[in-house]
Amino acid sequence: MRTAPLRYGWTTGACATAATTAAYQALLTGDFPDPVTITLPKGQRPAFALAREELADGLARAAVVKDAGDDPDVTHGALVQVTVRRAAAGSGVTFRAGPGVGTVTKPGLPLAVGEPAINPVPRAMMTAAVVELARRHGDAGDVEVEISVEHGEELARKTWNPRLGILGGLSILGTTGIVVPYSCSAWIDSIRRGIDVARAAGRTHVAGCTGSTSERVAAQVHGLPEDALLDMGDFAGAVLKYLRRHPVPRLTIAGGVGKLSKLADGHLDLHSGRSQVDLGALAALVRAHDGPAELAAGIEGANTALDALQQSLRAGFPLGDLIAAGARRTALGVLREAPVQVDVIVIDRAGTVVGQAG
């Protein structure tokens with residue numbers, strides 16, 4: 001059993017800021033600081049070792065290997081490289097997407113269409129670093145900052161970027177500069193951005209899905225395009241709370257019987273470590289709807305929600321529909337008076353629809 005605390009890591013934005021700081025300082029002085037220290041938004045001052053450095057006429061290049069700590073981040077170990085070039089007088093700090101960094105192609109994100117996918121906080125961090133160095137060395141600070149990520153286009157396929165319309169690579173992210181291990185914040189932020197993109201595209205129907213199978217089923221049942229599909233995973237509450245403030249006319253919730261039985265029981269975080277299937281509650285559903293007593297007893301002794309579902313299917317009892325109805329009640333309760341119509345699709349592991357409501 002692991003007893004040591006999980007190790008924090010650094011965002012791509014923090015790595016890019018470190019590489020920018022090192023490259024611009026080398027451009028000014030001819031020397032790369034190694035390690036290079038930066039200031040994060042909350043005042044922490046971490047140091048980063050340089051993995052690559054290059055100085056040429058009018059440009060300097062530095063790279064940092066991203067360390068995500070103990071977080072299962074797809075960009076852990078990626079090489080984040082920054083090239084700083086002299087730019088036109090009065091231009092200030094401008095940003096460019098190099099190889100492996102994406103470009104925004106859809107509205108609804110905090111960046112304009114056509115902009116490199118370098119988020120506002122990392123931009124502010126890099127700009128502040130340049131401004132401080134320029135002040136210290138008597139320079140104007142007119143530079144172009146080009147960020148690239150080695151194998152970034154390939155890594156981006158494992159993220160939400162293609163669905164959000166960020167094409168060609170990864171986003172340079174981070175609001176604090178720190179990656180909290182196993183943090184749900186990045187996933188929840190992706191859910192919110194997915195809703196923003198769907199709204200900006202004029203979508204009137206979105207689907208919050210617990211996984212790839214339920215996503216495929218929701219798309220087939222309702223004919224939904226890719227940018228209307230939200231990979232909510234375990235974070236049903238994140239979808240519902242954001243839609244309460246930023247409504248879309250119709251929401252489909254699709255997922256497996258286990259996760260949606262937990263939603264029906266009032267849980268908004270569907271992770272197995274934070275909520276459990278209540279087989280007693282499922283048995284109570286059977287009794288409340290005049291189901292066979294032997295089925296209720298069998299469900300109380302079931303191994304899993306799937307086992308309970310299979311027993312109900314053999315008995316011809318619509319447990320899946322009752323779970324869907326309960327999940328829908330929970331969703332409507334969180335949405336409150338928001339103008340969002342809700343339907344729910346419950347599936348088994350093969351992707352067969354075993355329950356619907358709404």
Side-chain angles (χ1 to χ4, degrees), residues 8-29 32-53 59-69 71 73 75-76 78-85 87 91-98 100-104 109-112 115-137 139-149 152 161 166 169-180 183 185-186 189-190 193:
Y8 282 31
W10 310 112
T11 63
T12 47
C15 295
T17 300
T20 298
T21 302
Y24 184 44
Q25 185 166 325
L27 196 62
L28 293 172
T29 68
F32 289 87
D34 190 9
V36 56
T37 300
I38 64 169
T39 302
L40 299 181
K42 293 186 177 180
Q44 303 98 325
R45 287 185 52 79
F48 297 77
L50 297 184
R52 187 177 294 171
E53 55 187 59
L59 69 81
R61 183 173 292 127
V64 169
V65 174
K66 176 174 173 176
D67 179 1
D71 194 72
D73 190 317
T75 58
H76 177 69
L79 187 76
V80 180
Q81 180 170 277
V82 173
T83 302
V84 176
R85 296 181 179 88
S91 62
V93 181
T94 57
F95 295 93
R96 179 179 169 190
V101 171
T103 298
V104 176
L109 295 169
L111 298 166
E115 280 289 308
I118 303 165
N119 272 22
V121 171
R123 288 182 185 228
M125 290 168 61
M126 286 179 272
T127 300
V130 168
V131 168
E132 172 57 24
L133 282 168
R135 182 195 64 78
R136 202 183 309 160
H137 293 278
D139 192 66
D142 297 319
V143 292
E144 177 191 83
V145 176
E146 178 188 293
I147 306 174
S148 60
V149 180
N161 276 18
I166 297 171
L170 293 162
S171 300
I172 303 301
L173 301 172
T175 54
T176 65
I178 297 172
V179 175
V180 179
S183 166
S185 60
D189 186 62
S190 293
R193 299 295 78 77

Listed by chain and number, what are the side-chain contact (heavy atoms from CB on, under 4.5 Å) partners of P35, not counting sequence neighbours? A47

Taking T11 for the side chain and A14 for the main chain, is one N or O donor matched with an acceptor at less than 3.5 Å? yes

What's the shortest heavy-atom distance between V121 and P41, and which atoms? CG1-CG, 4.1 Å

Considering residues at least two apart in sequence or located in another chain, which fulfil the side-chain contact (heavy atoms from CB on, under 4.5 Å) criterion with V65? A51, L79

What residues, two or more places apart in sequence or in another chain, satisfy ring-ring contact (aromatic ring centres under 6.0 Å, His included) together with F48? W10

Return each pair, listed once, that meets side-chain hydrogen bond (donor to acceptor under 3.5 Å, both in side chains) where at least one residue sits in residues 32-49; pairs must be two or more places apart or across chains. T39-R45

Determine, stepwise, if the pair T103 / I166 fulfils side chain to side chain contact (heavy atoms under 4.5 Å, CB included). CA-CA 5 Å; T103 298; I166 297 171; over 6 Å; no

So, do P46 and I38 sit near enough that their side-chain heavy atoms are less than 4.5 Å apart? yes

L50 side, atom CG; E53 side, atom CD - distance, nearest 0.5 Å: 6.0 Å

Determine all donor-acceptor pairs shorter than 3.5 Å in which one atom belongs to a side chain in residues 15-27; sequence neighbours excluded.
residue	atom	partner	partner atom	Å
T17	OG1	G13	O	2.8
T20	OG1	A16	O	2.7
T21	OG1	T17	O	2.8
Y24	OH	D139	OD2	2.6

Quick one: salt bridge (Lys or Arg N to Asp or Glu O under 4.0 Å) partners of R85, sequence neighbours excluded? E144, E146

Residue pair V84 / V82, side-chain heavy-atom distance below 4.5 Å: yes

Spacing of R193 atom CZ and N161 atom CG [to the nearest 0.5 Å]: 12.5 Å

Taking the side chain as C-beta and beyond, is there a heavy-atom pair between N119 and L111 under 4.5 Å? yes

Do I178 and L40 come within less than 4.5 Å of each other through their side chains, counting heavy atoms only? yes

Distance in Å, Q81 CD paired with R52 CZ, rounded so as to fall on 0.5 Å steps: 5.0 Å

Within the side chain of H137, is there an N or O that forms a donor-acceptor pair under 3.5 Å with the backbone of L28? no

How many angstroms lie between atom CZ of R61 and atom OG of S148, to the nearest 0.5 angstrom? 7.5 Å

State whether the side chain of S171 and the backbone N or O of L173 hold a donor-acceptor pair below 3.5 Å, judged by distance alone. no

I need the minimum non-hydrogen distance between G92 and D142, along with the two atoms involved. N-OD1, 2.8 Å

With a 4.0 Å cut-off, would you call E115 and R123 a salt bridge? yes

Would you sort out whether I118 and M126 count as a side chain to side chain contact (heavy atoms under 4.5 Å, CB included), showing the intermediate values? CA-CA 10 Å; I118 303 165; M126 286 179 272; 3.7 Å; yes

Do the side chains of T75 and V149 get nearer than 4.5 Å, heavy atoms only? no

Might you work through the side chain to side chain contact (heavy atoms under 4.5 Å, CB included) test for T94 and V145, ending with a clear yes or no? CA-CA 6 Å; T94 57; V145 176; over 6 Å; no

Atom CZ in F95, atom CD1 in I172: separation rounded to 0.5 Å? 11.0 Å

